[in-house]
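Each remark here refers to the structure printed beneath this line.
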Amino acid sequence: QVQLVESGGGLVQTGDSLRLSCVASGGTFSENVMGWFRQAPGKSREFVASLSWSGEYTYYRDSVKGRFTISRDNAKNTLYLQMSSLKPEDTAVYYCAADKNRRRTYTGPNYYSRSTYDYWGQGTQVTVSA
């Protein structure tokens, strides 16, 4: 049974940094597309960042470009999201997601789509105070 477990969220101030982690179990995702999404209260879940199966390509929503970095440690079966220069508008529950298909390459928009991802974590809360 595949499980994705996020950690690393918390309450921080504007301008601070956080690193989110997502540990995968019940499967290996070293050659799968993986991503981060977030959901703020009263809003729909939105794409944040994703990583191609090879790790060669990364994708970010415009509002986090230059501030967030997605990465993966295959030896630890762990996905990361390094977040810096945090803003109050980054406040949300952050979810880790994984595509069940190995070595699948998509056109650009598919990396941003929730339908690309088959497995989801339970989320970790990030709150950025002004």
| Pair Asp90 + Lys87, salt bridge at N-O below 4.0 Å | no

With the side chain counted from C-beta on, respond yes when [X] and [Y] share a heavy-atom pair under 4.5 Å apart, and no when they do not.
| X | Y | answer |
| --- | --- | --- |
| Asp99 | Asp118 | yes |
| Val5 | Gln122 | yes |
| Asn101 | Tyr106 | yes |
| Thr116 | Tyr111 | no |
| Glu6 | Leu20 | no |

Are [Y] and [X] connected into the same hydrophobic cluster when the rule is that any two of I, L, V, M, F, W, Y join if their side-chain heavy atoms are below 4.5 Å apart?
| X | Y | answer |
| --- | --- | --- |
| Leu51 | Tyr59 | no |
| Val48 | Val33 | no |
| Tyr95 | Leu18 | no |

Backbone of [Y] reached by a side-chain donor or acceptor of [X] within 3.5 Å:
| X | Y | answer |
| --- | --- | --- |
| Ser129 | Val12 | yes |
| Tyr60 | Gly66 | no |
| Arg104 | Lys100 | no |
| Ser30 | Asn74 | no |
| Thr91 | Val128 | yes |
| Asn77 | Ala24 | yes |

Do you know the tightest heavy-atom contact between [X] and [Y]?
| X | Y | result |
| --- | --- | --- |
| Ser17 | Ser85 | OG-N, 4.3 Å |
| Thr78 | Ser21 | CG2-CB, 4.2 Å |
| Leu79 | Cys96 | CD2-SG, 4.0 Å |
| Ala49 | Leu81 | CB-CD1, 4.2 Å |

| field | Sequence neighbours excluded - ring pair (Phe, Tyr, Trp, His ring centres under 6.0 Å) pairs with any residue from residues 4-40 | value | Phe29-Tyr119, Phe37-Phe47, Phe37-Tyr117, Phe37-Trp120

Rounded to the nearest 0.5 Å, how far does [atom2] of [Y] lie from [atom1] of [X]?
| X | Y | atom1 | atom2 | answer |
| --- | --- | --- | --- | --- |
| Gln39 | Ser44 | CD | OG | 7.0 Å |
| Met83 | Arg19 | CE | CZ | 11.5 Å |
| Cys22 | Arg72 | SG | CZ | 11.0 Å |
| Tyr57 | Ile70 | OH | CD1 | 16.0 Å |
| Leu4 | Ser25 | CG | OG | 7.5 Å |
| Arg114 | Arg45 | CZ | CZ | 5.5 Å |

| task | List the steps, then state whether side-chain contact (heavy atoms from CB on, under 4.5 Å) holds for Tyr80 with Thr69. | result | CA-CA 8 Å; Tyr80 300 102; Thr69 303; over 6 Å; no

| field | Derivation of the side chain to side chain donor-acceptor pair (under 3.5 Å) call for Asn110 and Ser113 | value | CA-CA 5 Å; Asn110 291 107; Ser113 172; 5.5 Å; no

| Crowding at CD, Gln125 (>12 non-hydrogen neighbours, <6.0 Å) | yes

| Test side-chain contact (heavy atoms from CB on, under 4.5 Å) applied to Arg38 and Val64, step by step | CA-CA 12 Å; Arg38 67 187 182 188; Val64 309; 4.0 Å; yes

